[in-house]
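Below is one structure; the comments refer to it alone.
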There are 2 protein chains.
Amino acid sequence: MKTSLPAGHLDAWRKYYTSFWRVFAAIEADLSAAGLPSLSWYDVLYELYLSPDHHLRMCELARSALLSRSGLTRLVDKLEKEKLIERKSCPSDGRVYHAQLTAKGVETLRKIWPVYRAGIAKYFASQLTEAEARDIERSLAKIAASLESVAETAGAAECEKD
Amino acid sequence: MKTSLPAGHLDAWRKYYTSFWRVFAAIEADLSAAGLPSLSWYDVLYELYLSPDHHLRMCELARSALLSRSGLTRLVDKLEKEKLIERKSCPSDGRVYHAQLTAKGVETLRKIWPVYRAGIAKYFASQLTEAEARDIERSLAKIAASLESVAETAGAAECEKD
DNA sequence: CGCTTTTAGTTGCGGATGCAACAAAAATCT
DNA sequence: AGATTTTTGTTGCATCCGCAACTAAAAGCG
């Protein structure tokens, strides 16, 4: 595993880190100002929306939505209280619950998206050419993919080797 | 202000969003596993380190370190308790406090950096060529710069126009 | 078949952080 | 100068979230 860090890569990291927090905060502020739920709610609803039959096991949903299992449990509690999803027990595995997107959940997704999209456009996309967007997508896809399986045990294995 | 969002730009956003959270979580996990403070501590200490005489007003530090004023107040409380910084009142403005990096603060910065650098290298830089890193730096610099002044009033002005 | 290990989801707890309200000081205006 | 507004930092409060411990169920193993 490569651990050297050329100056150009460090510069890229700094911009990546700073730009992300600023864009993220700006989008969250827009959502909040519009009286809409935060991006973590959107992420969960959207992952369910993408899934076949709009449902997913809790642990898979946690991974897709970039949350810990406990974090997801609480978030699903709130989403269920708002009738945006339902918990359904799994017939073939008594440990498993599926989160099932409701019609109201889809509706909420459709309310959030215009504001979210406008935020992405204003704070992120408006600064990028088509070519830049394509290059970023390609480069960052490699990074996202390389960390796909890293769930709750992040870094442990590699750390022990040092 | 442009609010349309081409598909390529949306794809770029998705990878940006997902990759960032995964890399961030992985680095935080490594720091935690090494018994080191989190990135928010590093950010504050590092911004002070970069500043002339290693000190900065609270509100400037909050902006540089990507925190709210209240968030910074609490973080500075903890850093001061650990003797990593000192609060110094400003002679020319009675409202202002300066956070002053201490020798122990510099030392802590030097303890965090190797682990942080290794994380950046492992989870971020190792996936990018020199050219990709350069392009990302250039593209994201524009985004970061366009949001430089957006502090606690993020999005408000633009939102009212819609 | 029992016993152990693993997996899925939940809960107690504590830490981190933002918003709104506040106090103090400075700046601005008349 | 006195009154108003703005700026700076802090605090009360609420929310979000992860880790560790726990329960229940399934899988693996003798």
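By convention in this document, chain letters (A, B, ...) are assigned in the order of the sequence lines, proteins followed by strands, and residues within each chain are numbered from 1.
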### Query
Linking I/L/V/M/F/W/Y whenever their side-chain heavy atoms sit closer than 4.5 Å, directly or via other members, would W21(A) and W41(B) fall into one cluster?
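Yes: a chain of side-chain contacts under 4.5 Å links W21(A) to W41(B).
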
### Query
Counting only N and O atoms by type, is there a donor-acceptor contact under 3.5 Å from the side chain of K142(A) to the main-chain atoms of Q127(B)?
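Side chain of K142(A) to backbone of Q127(B), a donor-acceptor pair under 3.5 Å: yes, one is there.
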
### Task
Could you say whether L66(A) or C59(B) is positioned toward the 5' end of DNA chain D, judged by the nucleotide with the nearest heavy atom to each?
C59(B)

Given [options], the nucleotide with the shortest approach to the side chain of [X]:
X: R57(B); options: dG9(D), dG18(C), dG9(C); result: dG9(D)
X: R95(A); options: dT10(D), dT7(C), dA26(C); result: dT7(C)
X: Y97(B); options: dC17(D), dG9(C), dG9(D); result: dG9(D)
X: V96(A); options: dT17(C), dG9(D), dG9(C); result: dG9(C)
X: S68(B); options: dG18(C), dT10(D), dT10(C); result: dG18(C)

Nearest-angstrom distance from the residue atom [atom1] of [X] to [atom2] of [N]:
X: R22(A); N: dG18(C); atom1: CZ; atom2: P; result: 14 Å
X: E28(A); N: dG18(C); atom1: CD; atom2: P; result: 11 Å
X: L67(B); N: dG9(D); atom1: CG; atom2: C1'; result: 14 Å
X: L79(B); N: dA16(C); atom1: CG; atom2: P; result: 10 Å
X: W21(B); N: dC16(D); atom1: CH2; atom2: P; result: 14 Å
X: L75(A); N: dT15(D); atom1: CG; atom2: C1'; result: 12 Å
X: L72(B); N: dT8(D); atom1: CG; atom2: P; result: 13 Å
X: R63(A); N: dC17(D); atom1: CZ; atom2: P; result: 18 Å

#### Entry: N or O in side chain of K78(A) less than 4.0 angstrom from dC16(D) OP1/OP2
yes

### Query
Do the side-chain N or O atoms of S40(B) get closer than 4.0 angstrom to the phosphate oxygens (OP1, OP2) of dT17(C)?
yes

### Message
Could you check whether Y116(A) and D30(A), counting side-chain N and O atoms only, form a donor-acceptor pair closer than 3.5 Å?
### Response
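Their side chains do not contain a donor-acceptor pair, so the 3.5 Å distance test is not met.
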
### Minimal non-hydrogen separation, D53(A) against Q100(A), with atom names
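Answer, listing the atom of D53(A) first, then Q100(A): O-NE2, 3.0 Å.
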
### Message
Using a heavy-atom cut-off of 4.0 Å across all strands, would you classify S32(A) as base, sugar-phosphate, or nothing?
### Response
nothing

Regarding [N], can its base be found pairing with the side chain of [X] as donor and acceptor, where the two atoms are less than 3.5 Å apart?
X: R74(A); N: dG18(D); result: yes
X: S70(A); N: dC19(D); result: yes
X: R69(B); N: dT8(D); result: no

### Geometric class of the F24(A)/Y17(B) ring pair [parallel <30°, tilted 30-60°, perpendicular >60°]
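Geometry flag for F24(A) against Y17(B): tilted rings.
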
